[in-house]
Amino acid sequence: MDNKKVRTDATITWCPGCFNFQVLAGMQQFLEEEIRKGKKKEDFAIVAGIGCHAKIFDYLDMPGINTLHGRVPPTCLGMKLANPSLNVFGFSGDGDAYAEGLEHTISIARYNVNFKYLIHNNQVFALTLGEPSPVTELGFKDTTIPFGVKVPPMNPINLLLAAGATFVARIFAEVSQVKEILKEATKHKGFAFIEIIQPCPVFHQDAGYKERFYDLKQVRHDKTNLKAAMERAEEFDYSSKSSKIPLGIFYQVSRPTFEELKLNKK
Ligand code: SF4
């Protein structure tokens with residue numbers, strides 16, 4: 001294995017302008033930096049589910065598994081139990097994490113398994129032509145749902161906070177934000193849930209996100225305060241086209257990881 005080469009030679013088949021390119025570049029830069037600092041490629045493992053996001057697995061020349069739809073968390077859990085020192089990164093789309101795999105996403109947060117979980121949230125099942133996912137806004141119309149979405153979206157940030165996640169963050173799909181949050185999440189001992197707001201230029205356009213973002217750090221948000229985190233999370237309900245959208249770390253606390261509890265024989 002060439003320790004310096006993080007990208008494969010595979011031809012990238014994402015649509016031109018797809019925000020997955022930003023996530024890939026952020027992850028690549030993060031890994032290259034870690035390797036420059038002395039880490040080896042075999043210190044890491046990546047897991048991807050099914051969806052447009054999952055092609056990242058083909059483009060990163062890293063050890064790992066392209067697993068079943070919705071099964072990224074249990075695959076990461078297996079890796080961590082087999083080798084607790086491995087740095088594991090899971091990738092899912094909103095369909096993968098919030099529909100097919102929701103029960104795993106909730107359980108893994110409760111268990112506090114020490115891996116980092118990145119959700120490429122473009123608010124649709126993009127790979128299969130834009131069907132609504134659990135976070136698609138009310139009224140969204142597409143050829144697959146001509147009368148529009150009639151059920152309100154769920155709020156995954158609040159769901160994960162309620163489930164007991166020890167690190168909950170949201171960023172936009174932009175290279176430097178991806179790289180920075182990966183650094184922060186890697187310092188965290190425990191499960192890190194990172195939602196990446198990521199427009200799909202084909203099936204779910206940018207809803208003026210950039211004008212609506214604000215940085216939680218700049219408003220001195222207390223990331224150890226669960227109630228404050230939940231209130232911030234409520235500000236964007238995934239349906240609104242005008243509300244502010246907080247970015248950054250909503251919540252971060254420390255508690256024993258599942259691996260520590262599992263390996264403790266007492
Ligand atoms: Fe990206 Fe959307 Fe194209 Fe999928 S369909 S590759 S998410 S732009």
Side-chain angles (χ1 to χ4, degrees), residues 6-30 46-62 64 66-72 89-102 105 117-146 148-149 153-154 156-157 169-179 181-182 193-210 212-213 236 238-239 241 245 247:
V6 166
R7 279 281 304 281
T8 65
D9 297 323
T11 304
I12 295 187
T13 57
W14 286 320
C15 308
C18 177
F19 283 77
N20 278 309
F21 284 97
Q22 301 280 328
V23 183
L24 172 63
M27 185 69 189
Q28 180 186 346
Q29 289 182 16
F30 165 77
I46 59 168
V47 179
I50 301 294
C52 288
H53 78 274
K55 295 180 182 181
I56 198 167
F57 188 83
D58 298 332
Y59 309 144
L60 288 171
D61 190 14
M62 300 296 291
N66 190 175
T67 191
L68 302 174
H69 205 1
R71 304 306 182 251
V72 170
F89 296 85
F91 298 88
S92 280
D94 45 304
D96 201 55
Y98 305 151
E100 256 70 14
L102 184 62
T105 303
Y117 195 19
L118 292 90
I119 317 298
H120 304 221
N121 182 3
N122 53 25
Q123 294 186 258
V124 283
F125 281 90
L127 185 70
T128 47
L129 306 181
E131 299 90 340
S133 82
V135 284
T136 307
E137 69 273 22
L138 279 169
F140 173 85
K141 284 187 185 158
D142 178 78
T143 49
T144 63
I145 185 152
V149 171
M154 66 179 211
I157 300 284
R170 178 195 281 141
I171 60 164
F172 184 60
E174 194 267 321
V175 183
S176 62
Q177 290 191 39
V178 174
K179 197 172 139 191
I181 202 71
L182 282 167
F193 173 84
I194 302 161
E195 178 172 78
I196 308 173
I197 299 278
Q198 182 188 296
C200 164
V202 179
F203 297 111
H204 197 280
Q205 300 293 324
D206 185 333
Y209 293 123
K210 281 200 170 157
R212 299 164 56 197
F213 289 143
F236 176 47
Y238 296 79
S239 260
K241 296 260 195 270
I245 306 176
L247 294 184

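Computed over heavy atoms, backbone and side chain alike; hydrogens, waters and symmetry mates excluded. Remember, it's 1-based here, ligands and their atoms both numbered in the order they're listed. As the structure is a prediction and not an experimental result, all values here were calculated from the model.
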Salt bridge present between E100 and R71 (N-O < 4.0 angstrom): no

Protein heavy atom at shortest distance from atom 4 (Fe) of ligand 1: C52 SG, 2.4 Å

Are D96 and H69 linked by a side-chain donor-acceptor pair shorter than 3.5 Å? yes

Counting the benzene-type ring for Trp, do F236 and Y238 have ring centres under 6.0 Å apart? yes

Considering only non-hydrogen protein atoms, determine which one is nearest to atom 2 (Fe) of ligand 1 and report residue, atom name and distance to 0.1 Å. C200 SG, 2.3 Å

Is atom 3 (Fe) of ligand 1 less than 2.8 Å from an N/O/S atom of C15, whether that atom is in the backbone or a side chain? yes

Between N122 and ligand 1, find which residue part has any heavy-atom pair under 4.0 Å and reply side chain, backbone, both or neither. side chain

For atom 8 (S) of ligand 1, what's the nearest protein heavy atom and its distance? P201 CD, 3.4 Å

How far apart are the closest heavy atoms of P199 and N122, and which atoms are they? C-CB, 4.2 Å

For residues H120 and N20, is any side-chain donor paired with an opposing acceptor at under 3.5 Å? yes

If the cut-off is 2.8 Å, does any N/O/S atom of C18 fall short of it from atom 1 (Fe) of ligand 1? yes

